Amino acid sequence: MAKLSDPITILKGVGPTKATQFAALNIFTLGDLICHFPRGYEDRTRLTTIDKLQIDVPACFKAMVMNTPRTNHIRKGLDITKVQVADHTGRLNLTFFNQKFTTDQLQYGKEYIFYGSLSGDYIGYGMTGPAFEAMDAPPVVTRRVLPIYPLTAGLSNGAMLKAVRQALAICDPPPEILPLSVREKYGILPAERAYYAIHEPGSMIEAEMAKKRLIFEEFFVFSAGLALMRATREGIRTAPYSDLNLDPFVSALPFTLTGAQKRAIADIVKDLGSSRPMNRLVQGDVGSGKTMVAAAAGYLAAKNGKQAALMAPTEILAEQHYHSLSKLLVPLGIRLSLLTGSLTPKQKKELRAAIEAGETDLVIGTHALVSESTVFANLGLVIADEQHRFGVSQRSKLSAKGEDPHLLVMSATPIPRTLALLMYGDLEVSIINELPPGREPVETFLVGESYRARINAFIRKHVEQGHQCFIVCPAVEENQDLDMKSATAWANTLQQTVFRDLRISLLHGQMRPAEKEAAMAAFARGESDVMVATTVIEVGVDVPNATLMIIEDADRFGLSQLHQLRGRVGRGKAKSYCILTSHTKSQDTLQRLKAMCKTTDGFQIAEEDLKLRGPGDFFGSRQSGLPTFRVANLSMDLQTLKDAQTASAQWIEEMSTTQTPEAAALRSRIGDLFQRSQGTMN
Ligand code: ADP
Ligand code: MG
C-alpha cells in the first residue's frame with residue numbers, strides 16, 4: 001500500500017513531464033492528487049434514443065455503426081471523418097475532426113455507447129466529435145457521472161481521471177477526522193466514502209453528498225484551528241495599560257472623528273486596558289479612516305512605554321502612513337521611524353539598533369521588514385494594515401514573537417457579517433460603517449463597447465483638468481482563447497492611437513516588485529496621466545488626484561473585487577467616476593454589475609455578492625488571507641459552513657480530553673492547514 005505523502009511519479013504513466021504539469025496545479029503527492037477535487041460533473045448516466053436527442057443537450061445513446069468510417073484529408077492538419085450510426089428510432093451522421101486514430105476503432109455493424117449533443121441546421125441534424133466506447137468496455141467516458149477537473153496545459157481530463165483512479169486504488173484516502181457523533185448529527189458521509197465518491201460518484205446525488213462532507217470537513221478543521229488559537233490566547237495575561245487618556249490625540253486631529261471611528265477606538269481602548277492581549281480586526285470600507293484608529297492605538301502604546309509596529313503590504317503604503325502619521329504624532333512627542341527596503345544596509349542597521357535600544361516608539365514598514373529580523377526593545381502592539389495579505393499563520397506566528405503583543409488588523413475587504421464570523425473566529429471585530437462627512441460617492445456607470453469614443457473623451461477631459469486616470473484590464477497579456485482586454489496590449493494601443501500625447505504607464509503582477517513599486521510611486525507623484533493596470537492596484541495606495549477609473553470587461557471580476565478597485569478613486573476633493581465596460585449579454589451578469597452602480601456601500605455589495613455567487617468566492621479569493629481552501633471551487637452553501645463551525649466549537653471542548661484517532665488526525669490536519677496558509681502572504 002502506498003502512502004499519501006508518496007510522490008505522484010510512482011503512478012504508472014506519470015513521468016517527469018506529466019509531473020511538471022501536475023506541479024502547475026500544486027499536485028506533488030498522492031495526497032495532493034486525491035485532494036484535487038472536480039470542479040463539476042457531467043451526468044452521463046441517462047441513456048436516450050436517437051429520436052429524443054436535443055440540440056445542445058449532451059446525452060448518451062446506444063447505436064450501431066452503419067458503415068465503415070470514411071476519412072478525408074482536407075489539407076495539412078485537417079482530416080474529417082464521417083460515419084453513420086443508427087438505433088431503432090433513427091439514423092444519425094457523425095463527424096469527427098482530426099480523430100482518425102480514434103475513429104478507426106469504430107467497426108461496421110458493432111454497437112457502441114456515444115455521448116454528445118446534436119447540432120442542427122436547415123439541412124439536417126448531426127453530431128460532431130461525440131465520445132464513445134464499446135458496449136463491453138468499462139464505463140469511462142459514458143454511462144457514468146464524469147468528474148470535470150481543474151486542468152492545466154497539456155493535462156487532459158482523462159489523464160487526470162486515470163491518475164486519480166490509480167492513486168485511490170493503491171493508497172488510503174486521508175483518515176477520518178470527524179467524530180461519529182458529528183457525522184450522525186449532520187448526516188455526513190464517512191471520510192473514506194466521501195473521498196472515493198467525490199472522484200467516482202455513482203450518481204449526482206452521491207457527488208453532492210461527498211461535496212457536502214468535504215466542505216464540512218475543511219471548515220471543521222479551519223474553525224477548530226481558529227478556536228484552538230483563541231483558546232491559547234485566552235490563557236495569556238498581559239499588564240493592562242494604565243494611561244488610556246486620548247484627549248491630547250483627539251485635540252490634535254485636523255477633523256472630528258466619525259461616530260464609527262469613535263466606537264472602534266473605544267473597543268480598542270477597552271482591550272488595551274484589559275489584562276488580555278488585544279486580538280482585534282477593524283473592518284472598514286476604503287476611505288473610512290482606519291489609519292486614524294490605528295494611530296490612536298499606537299499613541300496609547302507609546303504613552304504606556306511600549307513600542308508599536310505598523311505593517312503595510314507595500315513600501316509605498318508604508319511611506320504614506322509614515323508621512324501622514326508623522327504630521328500628527330511627532331508634535332505629540334511620539335518618535336516614528338520608517339523601515340523600508342530602500343534604506344542603505346548601513347541605515348537599516350542603525351535603525352534596527354535604535355529599535356532594539358527602544359529609541360523609537362512607532363516603527364512603520366512592510367510586513368516582511370518588520371517581522372523578519374527586527375528585534376524590539378519592548379514590542380507592545382502590532383498593527384497589520386490590509387488584513388487580506390496577512391494570513392492566519394502570520395497572526396499565530398506573531399503571538400509567538402516574544403511578549404504577546406496586542407494585535408490590531410485592519411481590513412478594507414468588506415465581508416458579509418455571517419462570513420466574517422466564520423473567517424475571523426479567532427478575532428474580535430469592530431466595524432467602521434461610516435465615511436467621513438463631505439465625501440462624495442464615486443459615480444458609477446455600466447456601458448457597452450459603443451461608448452468607446454465617449455470613454456476616451458472622458459479620460460482626456462479628466463487629464464486636461466489635471467487629474468489622473470486608472471484603466472484596469474482583466475489580463476496581463478493578449479490571450480487569443482479568452483476574449484478580454486490585456487493591460488500590456490491595451491496600454492500600447494492607447495499610446496499609439498488616441499492618446500499619443502498623454503503619458504501612459506503600465507502596472508501588472510508579472511513585473512518585479514521593485515518595478516511595480518516604482519511605477520506606482522511615479523503615478524502617485526503625477527508623472528503619468530493614465531495608468532493601465534491589472535488588479536495589482538487593488539491594495540490601498542492613495543492617489544487623491546486620480547478621479548477616474550475605467551474597468552474593462554468588468555464581468556470578469558467579482559463584485560467585491562470591483563468595489564475594492566473602485567476604492568482607488570474618490571479619495572480626493574474632486575468628484576470621481578468609475579466606468580465599467582462589458583460586452584456580456586447575460587442578464588444575470590448585467591444585474592450583478594448594476595448593483596455596483598446603485599451603491600458604494602461595501603458591505604451591501606458583499607452581501608449581494610454572497611447572494612449571487614455564494615460563499616465560495618470569498619473563501620476562494622486569495623484576498624481573504626485565509627488558508628487556500630481546497631473545496632473553495634466546489635459550490636458551497638452557507639448552512640454547511642455554519643453547521644461545521646457549530647460542530648467544531650462543541651467538539652473542540654471535548655477534544656482536549658479525548659484521545660480518539662479522529663482527534664489525533666484532526667490535530668495534525670490543523671497543523672498542516674495553518675502551515676500551508678503561509679503561502680498566501682505576498
Ligand atoms: P482607510 O485606510 O480606511 O481606507 P484612511 O485612513 O486612509 O482610510 O482615510 C482616508 C482619508 O480620510 C484620509 O485622508 C484621512 O485623513 C481622512 N479622514 C479620516 N478620518 C476622517 C474624519 N473623521 N473626518 C475627515 N476626514 C477623515
Ligand atoms: Mg488604509
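In each ligand, atom 1 is the first atom listed, and ligand 1 is the first ligand listed. It should be emphasised that the depicted structure is a prediction, and the values quoted were computed from it without experimental measurement. The first residue of the sequence shown is numbered 1, and numbering continues consecutively from there.
- With hydrogens left out, the protein atom closest to atom 14 (O) of ligand 1 is Asp542 OD2, 4.8 Å, a heavy atom.
- The protein non-hydrogen atom at the shortest distance from atom 17 (C) of ligand 1 is Arg439 NH2, 3.9 Å.
- Scanning all protein heavy atoms for the shortest distance to atom 21 (C) of ligand 1 gives Phe255 CE1, 3.3 Å.
- With salt bridges taken as basic N to acidic carboxylate O contacts below 4.0 Å, one links Lys575 and Glu443.
- One N or O on the side chain of Asn378 and one on the backbone of Gly305 form a donor-acceptor pair closer than 3.5 Å.
- Surrounding NZ of Lys349 are at most 12 heavy atoms belonging to other residues, nucleotides or ligands under 6.0 Å away.
- With a 4.0 Å cut-off on non-hydrogen atoms, Leu257 touches ligand 1 through its backbone and not its side chain.
- At the shortest separation from atom 3 (O) of ligand 1 among protein heavy atoms lies Lys290 NZ, 2.7 Å.
- Of all the atoms in ligand 1, the ones that sit under 4.0 Å from a non-hydrogen atom of Thr258 are 23 (N).
- Side-chain atoms of Glu552 do not come within 3.5 Å of backbone N or O of Lys485 as any donor-acceptor pair.
- Around atom 23 (N) of ligand 1, the closest heavy atom drawn from Val293, Leu435, Ile432, Thr256 belongs to Thr256.
- Counting protein heavy atoms only, atom 8 (O) of ligand 1 is closest to Gly289 N, 3.2 Å.
- For His406, the ring pair (Phe, Tyr, Trp, His ring centres under 6.0 Å) test picks out Tyr241, with sequence neighbours left out.
- Residue contacts with ligand 1: Gly287 is placed with a nitrogen or oxygen under 3.5 Å of a nitrogen or oxygen of the ligand (distance criterion only).
- When only modelled atom types and interatomic distance are considered, Ser411 and Gln283 share no side-chain donor-acceptor pair under 3.5 Å.
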If you apply the rule side-chain contact (heavy atoms from CB on, under 4.5 Å), what do you find for Asp285 with Ile432, and how did you get there?
CA-CA 7 Å; Asp285 227 326; Ile432 308 189; over 6 Å; no

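- At most 12 heavy atoms of other shown residues, nucleotides or ligands fall within 6.0 angstrom of atom OH in Tyr451.
- Atom numbering of ligand 1 starts at 1 in the shown order; those under 4.0 Å from a heavy atom of Asp285 are 3 (O).
- Between Lys346 and Glu350 a salt bridge is recorded (basic side-chain N to carboxylate O distance below 4.0 Å).
- The shortest N or O to N or O distance between Pro437 and ligand 1 is not under 3.5 Å.
- What sits closest to atom 2 (O) of ligand 1 on the protein, heavy atoms only, is Thr291 OG1, 3.5 Å.
- For Gln261, every heavy-atom contact with ligand 1 shorter than 4.0 Å involves the side chain, none the backbone.
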